[in-house]
2 protein chains.
Amino acid sequence: MSDEAVILVIEDEVPMRRFLRALVAGHGLRVVEAASGEEGIALAASHAPDVILLDLGLPGVDGLEVTRRIREWSETPIIVISARGLEEDKVRALDLGADDYLTKPFGASELLARLRVALRHAGRRAAEGADPRFVLGDLEVDLAARVVRVRGEEVHLTPIEYRLLALLVRHAGRVLTHRHFLREIWGPGASGQDHYVRVHMSQLRRKIEEDPAQPRYVITETGVGYRLRTDA
Amino acid sequence: MSDEAVILVIEDEVPMRRFLRALVAGHGLRVVEAASGEEGIALAASHAPDVILLDLGLPGVDGLEVTRRIREWSETPIIVISARGLEEDKVRALDLGADDYLTKPFGASELLARLRVALRHAGRRAAEGADPRFVLGDLEVDLAARVVRVRGEEVHLTPIEYRLLALLVRHAGRVLTHRHFLREIWGPGASGQDHYVRVHMSQLRRKIEEDPAQPRYVITETGVGYRLRTDA
DNA sequence: GGGGGGTCTCAAGATCCTGTAAAGATCGCC
DNA sequence: GGCGATCTTTACAGGATCTTGAGACCCCCC
């Protein structure tokens, strides 16, 4: 999950940029780099990073200006890195919208810890409200909670039934082959056992379809596999 | 709006506490003071402050423990103040849930600026329900007070039982896997020991369920984990 | 009308998972 | 050092789930 997090590094000096990239990338995070303020602002807009690491001492558009410009439209956490440790510099940056301020030299593990704090904030903002749900007619699938409802009623599914449905939901509208189900759920050793899929799909339909003989949700594509309707 | 903001100061040394109160109160913020960790936790629950200023070097329940305990039910920003500037101290506090870490001595205006950052974060989250109590049928869990009641009667839980229940409450309605419980409670070294979870979950049910064989609250999802009902 | 591929359903047995008790190990406290 | 509380570990019965095979069905083509 947080393996997918994207960090934007805005830093003009090459050695420092390398250091930051190595540090951040070495911890399961993706890195996007900008060598100037303008580029940084553009990448913040195009890549929607989860956190921004920003060096104040940029040539051209300086770090404070970058902060101000990004804050006009985005609330992505910004961690400022600076060689200047004067209090008034910190106050200015923080009041302009930065979320943290680190003075060089700093320790690698402190930076990472503060990065985790910022990611926590970013993640919380993203996770506010209810879970993302897939709704189709009377069927409701909450992949985050692992809960399935039909006409508002919770339906109990066994592990295999749930995984079948989750696969269908994640690829709603597309046809999934028997082979695909077998690979994803039973692993590579089960090829050819198409009846596994059929039996469990039948159980699944019995639980979520009103009339399993006339399925509304799970459509069988004869000779190929199954497909989940996207329209009611 | 921010004229109404409440800052909780948890600090045992009187001069420092006076200094912080004067500083914060002089900027249109209300101050609530605690002289110990226990008091701090209690006031955090009863006064619902917008930001918490926490000294790490408390006697008795120390600052790290205070952070951990508050984070069990609340996401109020915590700014840690400490005489210790070692990197590992910072990392530990931040990873336990603190949002910022200031090393003494620090400048007054920097503290205020970081306080404004924390208030910004708190304000963004102002729409939060704020009641850290979970009620479901005859079961009542007060994460702030660390108290569990069944039909009004207080129930004594062992540490592990309580943490199991607290996890369930914090993710009420979602299925939590065995792996998740093991990681959160026993740490990364305990993977594969699913029976830990089963044994303690059984003890927990014996204490909170009327009929453990027909659980009303803790639902088992065979092959996956457990889930706490959200509806009666 | 018959045959065949593909599909659905059912149910029995095998397999895996879960709840529970109970005994031993550990810990904190006096 | 002893005691009580808690945690770990083991064992087993009962329950839930999965596999497997067989029969029925459907649709299309011959």
Side-chain angles (χ1 to χ4, degrees), chain A residues 146 148 154-168 175-182 184-187 189-227, chain B residues 60-61 65 146 148 154-168 175-182 184-187 189-228:
Chain A
R146 214 210 98 115
V148 176
E154 260 172 33
V155 173
H156 174 77
L157 298 185
T158 70
I160 287 186
E161 289 156 15
Y162 179 79
R163 293 174 75 181
L164 283 174
L165 181 56
L167 271 180
L168 286 166
V175 179
L176 296 175
T177 62
H178 298 114
R179 197 168 318 121
H180 193 266
F181 285 111
L182 284 171
E184 289 284 328
I185 296 177
W186 283 270
S191 61
Q193 312 283 69
D194 292 13
H195 54 281
Y196 286 10
V197 181
R198 290 207 193 89
V199 169
H200 290 285
M201 198 64 85
S202 165
Q203 310 279 42
L204 172 61
R205 290 217 259 226
R206 167 199 302 207
K207 291 181 180 178
I208 66 171
E209 298 276 4
E210 197 154 7
D211 177 7
Q214 307 279 324
R216 283 176 61 195
Y217 308 120
V218 180
I219 310 300
T220 119
E221 300 282 351
T222 305
V224 187
Y226 298 88
R227 174 173 61 89
Chain B
V61 181
E65 177 66 12
R146 216 188 159 94
V148 177
E154 193 170 326
V155 173
H156 172 77
L157 298 184
T158 70
I160 287 187
E161 288 157 15
Y162 179 79
R163 293 174 75 182
L164 282 174
L165 182 57
L167 270 179
L168 285 167
V175 177
L176 297 176
T177 61
H178 299 113
R179 197 169 320 122
H180 193 268
F181 285 109
L182 284 171
E184 289 284 326
I185 296 178
W186 283 269
S191 62
Q193 311 285 75
D194 292 13
H195 53 280
Y196 287 11
V197 181
R198 285 202 203 94
V199 169
H200 290 285
M201 198 63 86
S202 168
Q203 310 280 42
L204 172 61
R205 289 216 259 226
R206 167 195 303 202
K207 292 180 180 178
I208 66 171
E209 298 277 3
E210 196 154 6
D211 177 6
Q214 307 280 324
R216 283 178 62 194
Y217 308 120
V218 181
I219 310 299
T220 120
E221 298 282 350
T222 306
V224 187
Y226 299 87
R227 176 170 64 89
L228 189 65

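Side chains included, hydrogens not; waters and symmetry mates left out as well; all remaining heavy atoms used. The sequence lines fix the lettering, A, B, ..., with proteins before strands; numbering per chain opens at 1.
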A.B. asks: Whether B:Trp186 contacts D:dT8 is assessed here as follows: a side-chain N or O lying under 4.0 Å from the phosphate OP1 or OP2. Is that the case?
C.D. replies: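 It does, given that an N or O in the side chain of B:Trp186 lies less than 4.0 Å from OP1 or OP2 of D:dT8.
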A.B. asks: Specify the separation, in whole Å, of atom CD1 of A:Ile185 and atom P of D:dT19.
C.D. replies: 10 Å
A.B. asks: Can you figure out which of D:dT19, C:dT7, C:dA21 approaches the side chain of A:Arg198 most closely?
C.D. replies: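 Within the option list, the nearest is C:dT7.
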A.B. asks: Mind calculating the distance between CE (A:Met201) and C1' (C:dC10) to the nearest angstrom?
C.D. replies: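 A:Met201 atom CE is separated from C:dC10 atom C1' by 18 Å.
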A.B. asks: From CZ of B:Arg179 over to P of C:dC17, roughly how many Å is that when rounded to an integer?
C.D. replies: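 Checked: the CZ to P distance equals 13 Å.
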A.B. asks: What is the distance, to the nearest angstrom, from the NZ atom on A:Lys207 to the C1' atom on D:dC18?
C.D. replies: 12 Å
A.B. asks: Report yes if a side-chain nitrogen or oxygen of A:Arg205 is closer than 4.0 Å to either non-bridging phosphate oxygen (OP1 or OP2) of C:dC8; otherwise report no.
C.D. replies: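 Affirmative; the distance criterion is met.
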A.B. asks: Which whole-number value in Å describes the distance from B:Glu221 CD to D:dA16 C1'?
C.D. replies: 12 Å
A.B. asks: Are any of the side-chain nitrogens in B:Arg163 or B:Glu184 under 4.0 Å away from the carboxylate oxygens of its partner?
C.D. replies: no
A.B. asks: Check the distance between D:dC7's P and B:Gln193's CD and give it to me in whole angstrom.
C.D. replies: 16 Å
A.B. asks: Should the pair A:Phe181 and A:Tyr226 be assigned to parallel (<30°), tilted (30 to 60°) or perpendicular (>60°) ring geometry?
C.D. replies: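 Taking A:Tyr226 first and then A:Phe181, their aromatic rings stand perpendicular (interplane angle over 60°).
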A.B. asks: Please check if atom CZ in B:Arg146 has more than 12 non-hydrogen atoms from other residues, nucleotides or ligands closer than 6.0 Å.
C.D. replies: yes
A.B. asks: Determine: side-chain N/O of B:Thr220 to OP1/OP2 of C:dT18, distance under 4.0 Å, yes or no.
C.D. replies: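 So the side-chain polar atoms of B:Thr220 never come under 4.0 Å of the phosphate oxygens OP1 or OP2 of C:dT18.
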A.B. asks: Between B:Leu182 and B:Gln193, what is the shortest heavy-atom contact and its length?
C.D. replies: CD2-O, 3.7 Å
A.B. asks: It should be established whether A:His200 places a side-chain nitrogen or oxygen under 4.0 Å from OP1 or OP2 of nucleotide D:dT19.
C.D. replies: yes
A.B. asks: OP1 or OP2 of C:dC8 sitting under 4.0 Å from any side-chain N/O of A:Tyr226?
C.D. replies: yes
A.B. asks: Looking only at the side chain of A:Val199 (C-beta and beyond, no hydrogens), which of the listed nucleotides D:dT9, C:dT9, C:dT7 gets closest?
C.D. replies: C:dT9
A.B. asks: In terms of side-chain geometry, is the basic nitrogen of B:Glu161 or B:Lys207 positioned less than 4.0 Å from the acidic oxygen of its partner?
C.D. replies: yes
A.B. asks: Between D:dT10 atom P and B:Asp194 atom CG, what is the distance in whole Å?
C.D. replies: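 The distance from CG of B:Asp194 to P of D:dT10 comes to 15 Å, rounded to the nearest Å.
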A.B. asks: Please tell me which of A:His156 and B:Pro159 maps to the more 5' nucleotide of DNA chain D, matching each residue to the nucleotide holding its nearest heavy atom.
C.D. replies: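 Nearer the 5' end of the strand: B:Pro159.
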A.B. asks: Report yes if a side-chain nitrogen or oxygen of B:Arg206 is closer than 4.0 Å to either non-bridging phosphate oxygen (OP1 or OP2) of C:dA21; otherwise report no.
C.D. replies: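 Checking C:dA21 against B:Arg206, a side-chain N or O does come within under 4.0 Å of OP1 or OP2.
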A.B. asks: Using a cut-off of strictly less than 4.0 Å, decide whether B:Gln203 has a side-chain nitrogen or oxygen near OP1 or OP2 of D:dT6.
C.D. replies: no
A.B. asks: So with a 6.0 Å cut-off around CD of B:Glu210, is the heavy-atom count from everything else above 12?
C.D. replies: no
A.B. asks: Quick check on C:dT20: is either OP1 or OP2 less than 4.0 Å from any side-chain nitrogen or oxygen of B:Ser202?
C.D. replies: yes
A.B. asks: Nearest whole angstrom, please: distance from the C1' of D:dT10 to the NE2 of B:His195.
C.D. replies: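 Rounding to the nearest Å, NE2 of B:His195 and C1' of D:dT10 are 9 Å apart.
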A.B. asks: Considering only side-chain heavy atoms of B:Thr222, which listed nucleotide, C:dC17, D:dT8, C:dT9, is closest?
C.D. replies: C:dC17
A.B. asks: With respect to the phosphate group of D:dC7, does any side-chain polar atom (N or O) of B:Thr158 fall under 4.0 Å of OP1 or OP2?
C.D. replies: yes
A.B. asks: For A:Tyr162, report the nucleic acid contact type (base, sugar-phosphate, nothing); a contact means any heavy atom under 4.0 Å.
C.D. replies: nothing
